[in-house]
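Here the structure comes first, spelled out in structure tokens, and everything after it is commentary.
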Amino acid sequence: MWRWHRRSDADFAEEIAANIAIDADRQVAEGMNPEDAKAAALRAFGNVTRAQERFYESRRVMWLDDLQRDVRYALRALFRSRGFTVIAVLTLALGIGASTAMFSVCDALLLRALPYPDSDRLVALRSTHSSPTPDTGLASPLDLADWQARTTSFDGIAGYRWRTVDLTGGAYSERLYGLWATPEFFKVFGVTRVNGRTFTPPDRGTNPIVLSRGVWERRFAADRALIGSPLNVNIINLSRVGPTPHLVLGVVPIDVHFPPLTADFNRGAVNSMAVSGVESQVDFWLPLFLGENPNRDDRTLDVVAKLRPGVTVAQAQAEMDVVAHALAEAFPATNRNWSVQVVPLRSHILGATRRVILLLSLASVLVLVIACGNVATLLLASGVARQPEVAVRLALGASRYRIARHFLIESLLIALAATAVGVGIVALGIRLLTPWFPADVPLIQRAGINGSVLIFAVAVAIATACCTGIFPALMASGRLSGVNLNMRGQSAGRLHHRAINMLVAGQIAVTIVLLVSTGLLFKSATHLLRVEPGFMSRNILTMTISLPNNKFDWQHNVLFSRDVVNAVKTTPVVTDAAVIQGVPMRPGGFWTTFTVEGMPPADPGDLPVARHRVISPDYFRVMQIPLLEGRNFDERDGEGERGHPKFVIMNHALAARYWPGQQAVGKRIHAGPDEWVTVAGVVGDVRYAGLGTPPEFEIYLPEALFPQSAITLLVKTTMNPLRVADDIRSRIARIDGEAFVTDVRTMDELIADSLAPRWFPTLLLAVCGGIGLLLALSGIYGIVAQSVVQRRFEIGIRLALGSTPKRVVRLMVQRSVSPVAVGVTVGLVGMVATARLLSAMLFETAPFDPATFIAATGLFVLVALIAAFLPARRATKVDPMVALRCE
Amino acid sequence: MSTRKDERVRIALLQGTLDLLILRTLLFGPQHGQGVARAIQQQSEETFLVDHSSLYPALQRLEARGWIRAEWGTSDNNRKARFYELTRTGRKQLVAATEQWRRLSTAIGRILGPQPV
């Protein structure tokens with residue numbers, strides 16, 4: 001039984017003193033004189049200090065006590081040399097901050113689970129064709145039904161499509177964004193809580209709908225009576241006008257994020273929602289029952305499946321290969337040459353972004369390495385300067401281990417302080433930069449400082465402290481004899497020199513890699529900028545206008561579109577206006593297969609694919625797309641049955657592919673509905689999918705026969721387009737007050753948006769390269785400056801003996817030559833490895849582009865020379881007499 | 001502890017032995033550290049010399065275990081001193097330890113046989 005007795009040292013000292021006094025009294029009583037008695041008593045007692053020490057030690061955990069003392073001492077030492085500490089902390093903060101920021105992004109995108117239960121078991125099933133047609137990955141309903149029937153690897157396979165419905169009536173109309181989904185959707189995405197129920201096969205033929213929490217609370221005040229009662233919903237219905245009553249089967253009381261929607265019209269819409277800040281939650285579900293669409297080649301659905309527990313992606317892929325092959329044999333017309341890819345959902349969502357993230361993570365780690373190198377150099381130098389202090393401590397009996405530990409604790413404190421600063425900067429940076437993040441990057445909004453990020457930061461701090469501190473600690477404690485104490489004061493020994501050389505060379509190598517990579521990405525981005533989009537984008541304002549679904553018949557939609565264009569054209573400063581279906585420079589659009597008259601017959605599954613766009617006649621004029629052959633749309637194209645044009649316009653790529661060297665006008669193609677249409681004109685290519693993608697086949701259709709309830713309005717103005725936006729909005733409201741106007745952007749902004757995924761990583765990499773350059777240059781500066789200080793005596797003698805200042809300077813600069821040469825060489829070798837990683841991200845730039853390599857290396861060497869030259873110049877200021885005397 | 005006679009030979013005695021002697025000494029009433037040391041010295045007829053490097057740790061040990069308790073008081077010479085006193089548990093421990101020691105020494109005595117050897 002131990003009682004923890006908190007007895008103070010003073011108390012024990014008092015007891016000792018009292019006992020010595022009593023003993024002295026006794027001696028005096030026996031006849032000794034008082035002073036002798038006191039001395040005798042002390043002698044008899046023994047070593048008072050030792051007794052006190054033993055008492056002290058007996059009631060403490062000594063290593064903890066030592067640690068406390070070391071920390072206090074280290075803090076004092078760091079505070080004494082404030083300049084050094086501040087520089088070290090800031091330098092390391094840059095490195096730790098950069099890597100923490102990148103880890104936070106990695107955590108949000110790569111590490112944290114997707115917002116669905118069991119998300120690691122979710123895979124996307126993508127239908128792909130063997131030829132490089134546009135790869136949408138969509139599947140047809142009949143294919144999906146067969147997959148469900150024939151496979152055993154999955155707990156459920158769900159297909160879905162993006163839809164909008166409108167709720168009219170009530171206080172205000174509202175547009176809802178949701179999904180048309182098969183009943184398995186809820187099981188696959190783990191939506192188990194439902195007030196009411198979801199779809200089941202018996203619901204086929206009725207009009208059910210399932211709502212989500214957001215709509216339920218927002219519009220219906222969470223009224224339970226809604227469940228089971230009918231709701232009037234405006235849904236696109238080509239046969240009649242007006243709302244359709246739907247039975248509300250249930251309400252999902254949680255938020256469900258939109259599942260990934262591939263590159264078709266759906267994704268463009270979701271992107272635009274993200275840009276305009278609309279929440280990407282599903283508002284409603286409508287049932288999609290397979291078997292209603294008899295066309296096996298009508299590929300319109302995204303498919304996500306949940307793997308059975310224990311089934312791997314490879315096993316599922318193997319099974320799907322067999323099934324796809326079986327379907328290809330059974331239905332050669334539609335499925336020959338089609339296969340299925342099983343892709344983990346995260347890869348499917350991230351796509352090419354994953355590579356960018358890895359590259360940036362590598363860059364941030366490199367910056368950390370450079371920062372560590374810098375701080376290690378600083379610590380080494382300061383270790384040399386503190387040799388007298390260390391020598392005294394050694395003489396007083398400190399163990400070398402203790403001294404080394406002290407230096408390590410100093411590094412640890414610096415690292416922890418740097419972590420605090422670094423994390424603070426990152427938190428601030430995230431708050432400031434969030435609006436600038438490219439909205440395209442999926443899941444990026446989740447990036448922030450959370451528990452795992454903090455743990456990572458602290459782990460990095462400890463690792464950094466070990467890496468930077470261990471070498472200087474060992475050297476300072478004398479275990480590695482790096483220092484000679486000689487008559488001229490402290491001079492660093494050879495090992496010390498070599499250590500610093502290596503560090504600086506390492507920093508330079510890493511900086512070279514960063515600089516060349518930045519150069520390559522930069523060159524690639526500028527190439528991209530120079531690509532002609534195929535139209536004039538200046539001063540064009542775009543916005544998406546839609547009427548509530550199915551509120552009017554199609555004739556009305558045609559008139560509405562025309563009225564809007566006319567109203568807008570009368571606005572001052574507007575020179576022209578036109579309408580198009582689907583926003584340019586955004587991913588997505590409508591696709592159709594087509595046949596060319598005279599082409600060899602092909603199976604429906606192998607037909608070529610083109611994008612089709614519905615436009616108003618002024619479209620080419622507004623965008624200044626050249627008309628190469630034939631004519632533009634005019635009133636003739638308005639006559640006829642809706643959906644059945646007689647003439648179409650195609651783009652140059654399509655015409656050149658199928659009628660090379662001939663006139664395409666007058667030729668006939670077969671696209672969509674059953675009859676042949678004639679080519680009326682050919683226009684120039686436009687890079688709708690983004691500047692980096694070559695132009696695809698485009699077929700333009702006249703608006704008069706394809707009325708849309710959602711149109712994209714293009715307005716050409718004489719001045720800054722955004723200033724006209726409000727005026728146009730009011731004009732549209734005057735035509736129809738219920739029209740939704742969303743997504744107001746200028747064409748230049750749209751192009752910039754499409755380029756952002758390239759510019760953003762280039763910018764970040766440039767920042768990393770800049771930081772690395774700065775740190776490496778300071779390293780070079782440091783070693784030359786140190787060399788000048790150490791060799792003052794030698795310089796003095798040289799100058800006294802008649803050497804010119806120039807030669808002295810050259811001598812000093814030579815000190816930096818070896819680490820620079822080694823560093824550049826190693827860096828270029830490292831670049832060879834990295835170039836491969838970069839090659840996928842480059843546009844029209846070879847990964848081993850000699851111009852970039854030479855330019856970046858040359859720039860670095862030049863700046864390095866300057867960094868070496870500046871301190872070397874100081875050598876010439878050395879007064880020879882002073883130098884000789886300080887011996 | 002050391003014996004005076006064989007200065008160069010130090011008999012290393014177990015810690016528990018010193019604890020036992022201290023408890024025994026305190027049986028007769030509270031005493032301060034000096035007094036305990038002198039008492040052991042005298043009662044063992046100068047066989048044992050308790051030096052303070054072992055005494056005070058022993059006293060702290062006993063105090064932490066709750067077998068003795070300490071208080072500041074005045075000595076006969078009107079000096080302030082820290083007096084140690086046996087507690088109830090200390091008394092019980094003394095009885096138990098004494099019993100153990102007697103058994104031990106009897107056993108050793110049997111092995112070594114009667115004097116002289």
Side-chain angles (χ1 to χ4, degrees), chain A residues 1-66 68-69 397 399, chain B residues 1-2 4 7 10 15 18-19 22 25 30-42 46 48-85 87-93 96:
Chain A
M1 170 200 45
W2 283 87
R3 244 184 316 157
W4 195 248
H5 201 237
R6 288 242 138 237
R7 190 182 166 198
S8 73
D9 301 333
D11 193 70
F12 184 67
E14 236 188 303
E15 180 178 3
I16 292 179
N19 280 320
I20 292 177
I22 289 176
D23 199 19
D25 286 347
R26 188 176 54 78
Q27 302 273 31
V28 166
E30 285 176 8
M32 221 182 265
N33 69 46
E35 288 106 42
D36 289 342
K38 197 123 183 270
L42 269 171
R43 257 202 321 271
F45 186 90
N47 188 344
V48 173
T49 316
R50 187 78 193 99
Q52 279 176 325
E53 277 181 10
R54 288 187 59 174
F55 174 75
Y56 182 83
E57 285 174 12
S58 72
R59 60 186 197 91
R60 275 158 213 268
V61 186
M62 274 322 281
W63 64 264
L64 196 63
D65 196 59
D66 279 346
Q68 266 185 324
R69 188 166 307 172
S399 65
Chain B
M1 285 205 299
S2 67
R4 174 175 286 161
E7 299 268 49
R10 292 169 147 271
Q15 274 180 359
L18 178 57
D19 290 355
I22 293 176
T25 312
Q31 188 55 267
H32 53 71
Q34 264 290 343
V36 169
R38 293 219 53 102
I40 292 178
Q41 204 171 317
Q42 284 168 347
E46 311 292 323
F48 291 139
L49 283 177
V50 185
D51 78 68
H52 301 260
S53 59
S54 19
L55 176 68
Y56 289 106
L59 286 171
Q60 282 148 29
R61 242 190 342 265
L62 292 170
E63 194 179 346
R65 281 225 173 95
W67 293 337
I68 61 177
R69 103 177 114 241
E71 234 175 30
W72 282 98
T74 346
S75 75
D76 358 332
N77 294 20
N78 270 336
R79 284 274 185 199
K80 195 162 162 227
R82 205 158 186 259
F83 282 84
Y84 295 91
E85 187 185 29
T87 62
R88 212 159 39 90
T89 30
R91 223 173 277 268
K92 279 195 239 163
Q93 172 65 17

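Quick note on labels: first sequence line is chain A, next is B, and so on, each numbered from 1.
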Gap separating the [atom1] atom of [X] from the [atom2] atom of [Y], nearest 0.5 angstrom:
{"X": "B:L55", "Y": "A:N19", "atom1": "CG", "atom2": "CG", "answer": "8.0 Å"}
{"X": "B:H32", "Y": "A:E15", "atom1": "NE2", "atom2": "CD", "answer": "10.5 Å"}
{"X": "B:R79", "Y": "A:I22", "atom1": "CZ", "atom2": "CD1", "answer": "8.0 Å"}

Going through the checks in order, is the side chain to side chain contact (heavy atoms under 4.5 Å, CB included) test met by B:R82 and A:E14?
CA-CA 9 Å; B:R82 205 158 186 259; A:E14 236 188 303; over 6 Å; no
Indicate the atoms forming the closest heavy-atom contact of A:A18 with B:A81, along with that distance.
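In terms of heavy atoms, the two residues are closest at CB-CA, 4.1 Å.
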Over 12 foreign heavy atoms within 6.0 Å of CD, B:E71
no
Under the side chain to side chain contact (heavy atoms under 4.5 Å, CB included) rule, collect the residues that match up with B:Q42, sequence neighbours excluded.
B:R38
Given that the side chain runs from C-beta out, which part of A:D11 has a heavy atom under 4.5 Å from chain B: side chain, backbone, both or neither?
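Both parts, backbone and side chain.
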